[in-house]
Amino acid sequence: VDGKYVTDVPAKVAIESGKHTVVLKKPLYLDYKASVNITKGETTTLSITMEKNYNYVSITAPLDAQILVDDEVVGVGKWSGNLECGEYVIKAKKEGYLPSSMKLKVDLGRSMAVTLPELKPVEGRLTVESNLDNCRVYVDGRYIGNTPLKTAVRIGDHCVKVEQSDGR
């Protein structure tokens with residue numbers, strides 16, 4: 001009432017006589033605004049119907065990635081629920097991958113199913129040199145080539161093993 005929080009509805013509220021602005025707010029609904037004139041000793045009743053301002057949205061992310069709506073994590077892999085009408089940035093994030101994102105416009109009366117773009121692995125360069133050529137190089141237990149070697153690997157910690165042809 002007049003810009004100040006009073007109570008949740010339904011409620012009976014004592015308000016001073018005079019003209020007042022009443023605003024009812026509820027998440028996912030349009031604000032209801034009314035001007036009321038209160039007369040001392042009389043009861044004024046407001047009976048209103050809030051107008052829906054949301055729609056059902058289903059979001060799928062690749063690789064069971066985290067799903068973020070306006071930078072807030074809402075789920076992993078799949079999320080569905082009601083979003084208020086408006087524009088959002090939705091993202092998929094997973095360690096070792098570049099995030100993918102897209103803009104989403106939620107309109108009244110139009111349920112949506114959205115799939116976020118594929119995630120691309122984050123890669124760096126690995127260079128392995130030794131004083132002996134043709135040594136076998138393993139990354140995380142997997143043979144990837146012989147020295148000297150330059151290759152792309154996912155960013156992160158790895159175990160690199162270099163061995164001579166005789167196993168040393």
Side-chain angles (χ1 to χ4, degrees), residues 3-11 23-33 48-165 167-168:
K4 295 179 186 172
Y5 172 77
V6 176
T7 187
D8 291 343
V9 293
V23 178
L24 287 108
K25 294 178 174 273
K26 181 175 178 154
L28 303 175
Y29 289 82
L30 294 173
D31 289 354
Y32 175 85
K33 295 178 185 178
I48 60 112
T49 301
M50 301 287 287
E51 289 185 47
K52 175 179 159 178
N53 190 37
Y54 65 89
N55 221 324
Y56 181 81
V57 178
S58 174
I59 303 170
T60 303
L63 303 172
D64 284 330
Q66 283 185 324
I67 298 170
L68 293 85
V69 176
D70 286 345
D71 291 324
E72 181 182 331
V73 177
V74 295
V76 176
K78 281 186 171 248
W79 175 85
S80 58
N82 292 322
L83 284 178
E84 194 165 1
C85 293
E87 293 185 7
Y88 298 88
V89 174
I90 56 173
K91 295 179 186 174
K93 286 175 80 174
K94 186 169 180 138
E95 190 174 327
Y97 293 86
L98 295 170
S100 68
S101 66
M102 63 188 288
K103 289 185 178 181
L104 174 67
K105 185 174 182 196
V106 177
D107 294 320
L108 191 59
R110 193 176 124 227
S111 294
M112 309 174 78
V114 179
T115 301
L116 283 155
E118 288 298 317
L119 298 172
K120 294 181 179 154
V122 177
E123 293 185 338
R125 298 289 299 165
L126 173 66
T127 301
V128 181
E129 298 174 350
S130 75
N131 60 337
L132 299 172
D133 285 342
N134 281 333
C135 290
R136 295 174 61 83
V137 178
Y138 298 84
V139 174
D140 300 329
R142 186 174 65 93
Y143 171 74
I144 61 165
N146 292 353
T147 60
L149 177 73
K150 290 184 181 181
T151 188
V153 292
R154 279 190 39 202
I155 288 178
D157 293 330
H158 297 279
C159 177
V160 177
K161 176 181 167 186
V162 180
E163 78 179 15
Q164 296 177 24
S165 58
R168 289 185 287 144

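Below, each value reflects all heavy atoms present in this structure, side chains not excepted, and no hydrogens, waters or symmetry copies.
Interatomic distance, CG of Asp140 versus CG of Asp157, reported as 9.5 Å (0.5 Å rounding). In this structure, CG on Asp8 lies 10.0 Å from NZ on Lys26, to the nearest 0.5 angstrom. Note that the CG atom of Asn146 and the CG atom of Leu132 stand 12.0 Å from one another [nearest 0.5 Å]. Here OG of Ser130 is found 12.0 Å from CD of Glu163. Values are rounded to the nearest 0.5 Å. The line from OG of Ser100 to CD1 of Ile90 is 8.5 Å long, rounded to the nearest 0.5 Å. Between Glu84 atom CD and Leu30 atom CG the span is 8.0 Å, to the nearest 0.5 Å.
The two residues Tyr54 and Leu28 have their closest heavy-atom pair at CD2-O, 3.0 Å. Listed here is the closest heavy atom pair of Ser101 and Val89: CB-CG1, 4.4 Å. Across every non-hydrogen atom of Ile48 and Tyr32, the tightest pair is CG2-CZ, 2.9 Å. The two residues Glu123 and Ile155 come nearest to each other via the heavy atoms C-CG1, 3.9 Å. Counting all heavy atoms, side chain and backbone alike, Ala65 lies closest to Ala61 at O-CB, 3.8 Å. The two residues Val57 and Trp79 make their nearest non-hydrogen contact at O-CZ3, 3.8 Å.
A 4.5 Å side-chain heavy-atom check between Met102 and Val114 finds at least one atom pair inside the cut-off. Between Leu116 and Pro62 the shortest side-chain heavy-atom distance falls below 4.5 Å. Contact of the Leu24 side chain with the Met50 side chain is registered, since non-hydrogen atoms from C-beta on lie closer than 4.5 Å. Side-chain contact between Met112 and Leu104: present, with at least one pair of heavy atoms (C-beta onward) separated by less than 4.5 Å. Using a 4.5 Å heavy-atom threshold, the side chains of Val139 and Val128 count as separate.
Under a cut-off of 6.0 angstrom, the local environment of NZ in Lys52 is crowded, with over 12 non-hydrogen atoms contributed by other residues, nucleotides or ligands. Atom CZ of Arg142 is surrounded by 12 or fewer heavy atoms from other residues, nucleotides or ligands within 6.0 Å.
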- Query: For Thr147 and Glu129, what are the C-alpha separation, side-chain angles and deciding distance, and is it a side-chain contact (heavy atoms from CB on, under 4.5 Å)?
  - Reply: CA-CA 6 Å; Thr147 60; Glu129 298 174 350; over 6 Å; no
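Between Asp64 and Lys94 there is no salt bridge, since no side-chain N of the basic residue sits under 4.0 Å from a carboxylate O of the acidic one.
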